[in-house]
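Input: a single structure, listed below in structure tokens.
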Protein chains: 2
Amino acid sequence: MNREIERAFSSYLRKNGMRVTPERKAILREVFALHRHFDVEELFDILRRKKTRISQASVYRSMPLFVKAGLVIRTAGAVGKVVYEHVYGHEHHDHMFCVKCGKQIEFNDDKLEKLQVEICRKYGFNPEYHNLEIDGLCKNCAKNKRTGGKYEI
Amino acid sequence: MNREIERAFSSYLRKNGMRVTPERKAILREVFALHRHFDVEELFDILRRKKTRISQASVYRSMPLFVKAGLVIRTAGAVGKVVYEHVYGHEHHDHMFCVKCGKQIEFNDDKLEKLQVEICRKYGFNPEYHNLEIDGLCKNCAKNKRTGGKYEI
DNA sequence: AATCTTGTTGAGAATCAATCGCAATAAGCG
DNA sequence: CGCTTATTGCGATTGATTCTCAACAAGATT
Ligand SMILES: [Mn+2]
Ligand SMILES: [Mn+2]
Ligand SMILES: [Zn+2]
Ligand SMILES: [Zn+2]
């Protein structure tokens, strides 16, 4: 993981009278080693499978800190589940999600971003953040005709 | 509530070998009397405050039926909570959500919808449904300078 | 380096939403 | 009116997240 990230987080902690602990650093390291969306359970499993003896409670307690520090966001996942993704050093993107095979496509369209801002202006709304998830069928699943599908909406 | 909705739902039930019960009808009636996003807890409270003696389990069991029948969707709410909204007879719309006062703006922009379809085509993706939530500050809250805010992201 | 203050940790209990199991009930059909 | 079987209510259960609290340790102070 990047030194820069660790420094950014430590700085955030100190600025808010919190402490830099090995647990927090270890969790953060895993978050940035995971290049996909994940939930706390997955993250905890990974930490447990390694030597670390970090408690579940600490993982749950750390996530909101990462979010507030601007390093991680809560993002799109199966509806109703809390899912995270690291964003520090990444560009903003939106998602397509195949309801049949679970495939996830990340995309970024400049025209779309601009259009959203424009629409907000019409409503006098000040956008800070947005989340767009398009559900449907990926190229593969679209041709192999639809059947059941484990990721029902 | 509209007779038409009840008929549509009854028809869906019969078509699938399920039964039309007074409980299901009562829950559906409340869902369509509620003109905003809601979670199961709210819905159950409303039902309980009225004469009805419908169990929580029945409410939880009914929601997926309404969704499958195309009368209701799971939609945007505080991230991580399961929130519903009735859609039968309503046009598709997206949401802006004020993180300070909780105000919700529903909007529909044709250009935005078309652009999304276009982007999907580029990825060979077959969109079926999408969910766009823009978080930020509403007109009012934007001028009254930002402070805390009970609806943190 | 030793000491002090106070934020943090781990473990398990507690909480909360959602689901389940089952006996009693009642929808739908002949 | 009966028969079949889906549905209900209730309480128990699961699963995720939060809380409690005593032991610990980060970071400031001397
Ligand atoms: Mn992503
Ligand atoms: Mn809406
Ligand atoms: Zn697919
Ligand atoms: Zn507002």
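Each chain gets a letter, A, B and so on, in the order its sequence line appears, and its residues count up from 1. All values derive from a computational prediction rather than experimental measurement.
If B:Gly17 and B:Arg53 are placed on DNA chain D by their nearest nucleotide, the residue sitting closer to the 5' end is B:Gly17. Nearest-nucleotide assignment on DNA chain C puts the 5′-proximal partner with A:Ile54, out of B:Arg14 and A:Ile54.
Taking every side-chain heavy atom of B:Arg19 into account, D:dT5 is the closest of C:dA11, D:dT5, D:dT8. Considering only the side chain of B:Pro22, C:dA27 comes nearest among C:dT9, C:dA27, D:dC19. The side chain of A:Val20 sits closest to D:dG27 out of D:dT17, D:dG27, C:dG10. Listed nucleotides: C:dT9, C:dT8, D:dC10. Nearest to the side chain of A:Ser58: C:dT9.
Nucleotide D:dA6 holds its C1' atom 19 Å from the NZ atom of B:Lys15, rounded to whole Å. At whole-Å resolution of the value, CD in B:Glu23 and P in D:dC10 are 11 Å apart. Rounded to whole angstrom, the span from the CG atom of A:Leu43 across to the P atom of D:dA16 amounts to 14 Å. The distance between atom CG of B:Leu28 and atom P of D:dT7, rounded to the nearest whole Å, is 15 Å. The nearest whole Å value for the distance from the OH atom in B:Tyr84 to the P atom in C:dA17 is 14 Å. Separating the CZ atom of B:Arg48 from the P atom of D:dC10 is a distance of 12 Å, rounded to the nearest angstrom. Per the geometry, CZ belonging to B:Phe44 stands 15 Å off C1' belonging to C:dT19, to the nearest Å. Atom NZ in A:Lys25 sits roughly 13 Å away from atom P in C:dT9 (whole-Å rounding).
Residue B:Thr21 places none of its side-chain N or O atoms closer than 4.0 Å to OP1 or OP2 of C:dA27. Taking 4.0 angstrom as the limit, B:Tyr60 places none of its side-chain polar atoms (N or O) nearer than this to OP1 or OP2 of C:dT19.
Base contact: B:Arg61 has a heavy atom under 4.0 Å from a base atom. Across all strands, A:Glu41 comes closer than 4.0 Å only to sugar-phosphate atoms, never to a base (heavy-atom distances).
Judged by distance alone, with hydrogens and angles left aside, the side-chain atoms of A:Asn108 form no donor-acceptor pair with the main-chain N or O of A:Asp94 at under 3.5 Å. Panel note: side chain B:Asn16, backbone B:Met18; no donor-acceptor pair is recorded below 3.5 Å. In this structure, the side chain of B:Thr52 engages the main chain of B:Leu47 through a donor-acceptor pair within 3.5 Å.
By the 4.0 Å N-to-carboxylate-O rule, A:Glu85 lies too far from A:Arg74 to be salt-bridged with it. A salt bridge links B:Arg36 to B:Glu42: one of the charged nitrogens lies within less than 4.0 Å of a carboxylate oxygen.
No N or O donor and acceptor, one from the side chain of A:Arg24 and one from the base of C:dT8, sit under 3.5 Å apart.
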